[in-house]
Undergrad: 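This is the structure I want to talk about, given as structure tokens.
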Amino acid sequence: MNTVYAVMNVNSYIVAKDSISWERANFLLPIVFCLILTAIVTLPAQAQDARVAAKFQLGNAAMREGKTDEAIGYFHQVVALAPRMAEGYFNLGLADEQAGKHGDAVTALQAALRLKAAMPGANLFLGIAEYRLNHLEDASAALEREVKLGPPAAKTLMWLGVVYLAENHPEDAAVRLDQAAELDPKDLDIMYHRGRAHLLVSKNAYEKMFTAEPNFWRVHQVLAQAYGEADRHTDAITEYEMAIKAVPSEPGLHEMLGNEYWKSGEMDKAEASFSAELKIDKSSIMALYHLGRLRVTRGDAKGGVPLLQQALVQDPSLSRVEYYLGRGMAQLGENAEAVKHYEAAIKGDPEGDVAQQSYYQLAHLYRQMQRPDDSRTALARFQKLKQQADASQKHKFEDRFKPDGDVAEKQTE
């Protein structure tokens, strides 16, 4: 199993076993507090006693002001005066939970549920309190009851996912967190826990695969991808070569190996790998792009331009292909065509690095074409984009064609 953990550590996939306790102590506290503030119930219509009404309102006001101990005192008076009023126990449970008195919160919320079994939110906060007491089975049972009362809220589903993660059931957690994300796709807490659940599902799947067949070619592919992401390109090359030895005609492997060779500066081997990929899949946009780009970068426009043109036919929206076609056409002396491709690249990525480098190339190309005004305009736009990028510390343009982190090799002219 050492291989498994080597891979997972390379990609930071392993979640420390003690991270659950850290979450209970810190990360989840503001989430609970916000939920509590929005869950406080108002005085029920049947509460006619003026003393109950006054204490209830004072308790709610104290909660909203963050005076939790005062709120607890008021709600204790409420339940003493009105022992059959579920709302009093509910708000007492919320106050206890906010004060960190999780056992007291469980007792109060259970009392509320005995009086009103379908009370919205009661099972949610009971589940949270049980979770923070490490009563995970009780927590998941309470949260599932809240879901069944429905329709479930995104935060309820999120908390159920959190509990399932703590119970080491990442598959169940992923299901519930996916449902939460459908209801609230922009919630950052849901995103975090959902991502964590799916990483653990992936980790478990890889562990099973490695245990079942350590020499399966997919194992070498996973290791290669992990090493590549960690910039351990020599190790990545070794693993890709082992995978290819097992399945020499598998689409994609030669192209990925070519990327690693390129990152390692072994351009001849990179070109050979991309060429091998095209023999397996003649219509591979990735291989066409990478081989075409490599050849143009190495000054072989005659060999690279036709490949880039084929890639562009398959997907006319590829601004990066347009950029390299511009460079290739410029190498061939087709300046007017080069200008068209640079302009198309800018149109596809008007604010990014592709546009920045296209303006840079256009400034030099216009100067060669005796168009000084256009050259100055292009250079000014290049400088503006570069200043914006430097000011905001942008990362380089990323898309599915990014093999090595660069957008374009800067020209020194």
Side-chain angles (χ1 to χ4, degrees), residues 24-26 28-133 135 138-160 162-163 180 183-184 187 189:
R24 289 175 188 161
N26 297 286
L28 296 171
L29 291 181
I31 305 174
V32 177
F33 179 65
C34 292
L35 279 175
I36 287 173
L37 288 183
T38 57
I40 298 171
V41 296
T42 56
L43 189 68
Q46 66 269 25
Q48 301 297 326
D49 191 311
R51 293 176 302 166
V52 172
K55 300 297 183 183
F56 198 96
Q57 291 169 356
L58 287 170
N60 280 359
M63 279 289 287
R64 293 190 176 94
E65 293 172 8
K67 300 175 181 178
T68 310
D69 289 338
E70 287 186 22
I72 291 172
Y74 286 127
F75 289 128
H76 270 298
Q77 295 178 54
V78 168
V79 298
L81 292 168
R84 301 298 299 170
M85 190 174 73
E87 289 79 4
Y89 289 102
F90 179 78
N91 280 13
L92 174 59
L94 296 184
D96 284 330
E97 181 60 23
Q98 182 56 34
K101 300 178 179 180
H102 310 306
D104 292 342
V106 167
T107 300
L109 291 165
Q110 287 175 338
L113 286 165
R114 282 194 296 270
L115 294 167
K116 189 177 290 188
M119 187 172 191
N123 279 297
L124 166 62
F125 288 100
L126 176 60
I128 292 172
E130 296 282 20
Y131 167 79
R132 294 173 75 176
L133 288 169
H135 301 163
D138 292 334
S140 59
L143 290 163
E144 286 288 5
R145 288 195 298 272
E146 185 74 23
V147 169
K148 289 178 182 177
L149 289 172
K155 285 296 188 183
T156 302
L157 292 165
M158 185 203 80
W159 275 99
L160 189 51
V162 168
V163 173
L183 295 174
D184 193 352
D187 187 289
D189 298 315

Undergrad: Return all side-chain donor-acceptor pairs below 3.5 angstrom for residues 103-113, not counting sequence neighbours, or 'none' if the list is empty.
TA:
| residue | atom | partner | partner atom | Å |
| --- | --- | --- | --- | --- |
| T107 | OG1 | G103 | O | 3.2 |

Undergrad: What is the minimum heavy-atom distance between R132 and E97, and which atoms define it?
TA: NH1-OE2, 2.9 Å

Undergrad: Kindly give the heavy-atom pair with the smallest separation between V52 and A82, and that separation in Å.
TA: CG2-CB, 4.1 Å

Undergrad: Output the distance between atom CG (L126) and atom CZ (F90), rounded to the nearest 0.5 Å.
TA: 10.5 Å

Undergrad: Go through the steps to decide whether T156 and V147 satisfy the test side-chain contact (heavy atoms from CB on, under 4.5 Å), and finish with yes or no.
TA: CA-CA 7 Å; T156 302; V147 169; 3.9 Å; yes

Undergrad: Quick check against the 3.5 Å criterion: does E130 have a side-chain atom that pairs as donor or acceptor with the backbone of A139?
TA: no

Undergrad: Between atom CG of L157 and atom CD of E144, what is the distance when rounded to the nearest 0.5 Å?
TA: 9.0 Å

Undergrad: What do the steps show when you test M85 against L115 for side-chain contact (heavy atoms from CB on, under 4.5 Å), and what is the final call?
TA: CA-CA 7 Å; M85 190 174 73; L115 294 167; over 6 Å; no

Undergrad: What heavy-atom pair brings A122 and E146 nearest, and what distance separates the two atoms?
TA: N-OE1, 3.9 Å

Undergrad: Does any part of the side chain of N60, heavy atoms only, come nearer than 4.5 Å to the side chain of N91, both counted from C-beta?
TA: yes

Undergrad: Measuring from F125:CZ to Q98:CD, what's the distance to the nearest 0.5 Å?
TA: 10.0 Å

Undergrad: With rounding to the nearest 0.5 Å, note down the distance linking CZ in R114 to CZ in R84.
TA: 10.0 Å

Undergrad: Between atom CZ of R145 and atom CG of L160, what is the distance when rounded to the nearest 0.5 Å?
TA: 11.5 Å

Undergrad: Under the salt bridge (charged side-chain N to carboxylate O under 4.0 Å, His left out) criterion, do K155 and D189 qualify, and how do the steps go?
TA: CA-CA 9 Å; K155 285 296 188 183; D189 298 315; 3.3 Å; yes

Undergrad: Once you round to the nearest 0.5 Å, how far does OH of Y89 lie from CG of L94?
TA: 15.0 Å

Undergrad: For residues 69-77, which side-chain N or O atoms pair as donor and acceptor with protein atoms under 3.5 Å away, sequence neighbours left out?
TA:
| residue | atom | partner | partner atom | Å |
| --- | --- | --- | --- | --- |
| Q77 | OE1 | K55 | NZ | 3.0 |

Undergrad: Please name the pair of heavy atoms, one in D184 and one in A154, separated by the smallest distance, quoted to 0.1 Å.
TA: CB-CB, 3.8 Å

Undergrad: For a 4.5 angstrom cut-off between non-hydrogen side-chain atoms, does S140 reach Y131?
TA: no

Undergrad: Give the minimum heavy-atom separation between A117 and N123, together with the two atoms involved.
TA: O-ND2, 4.2 Å

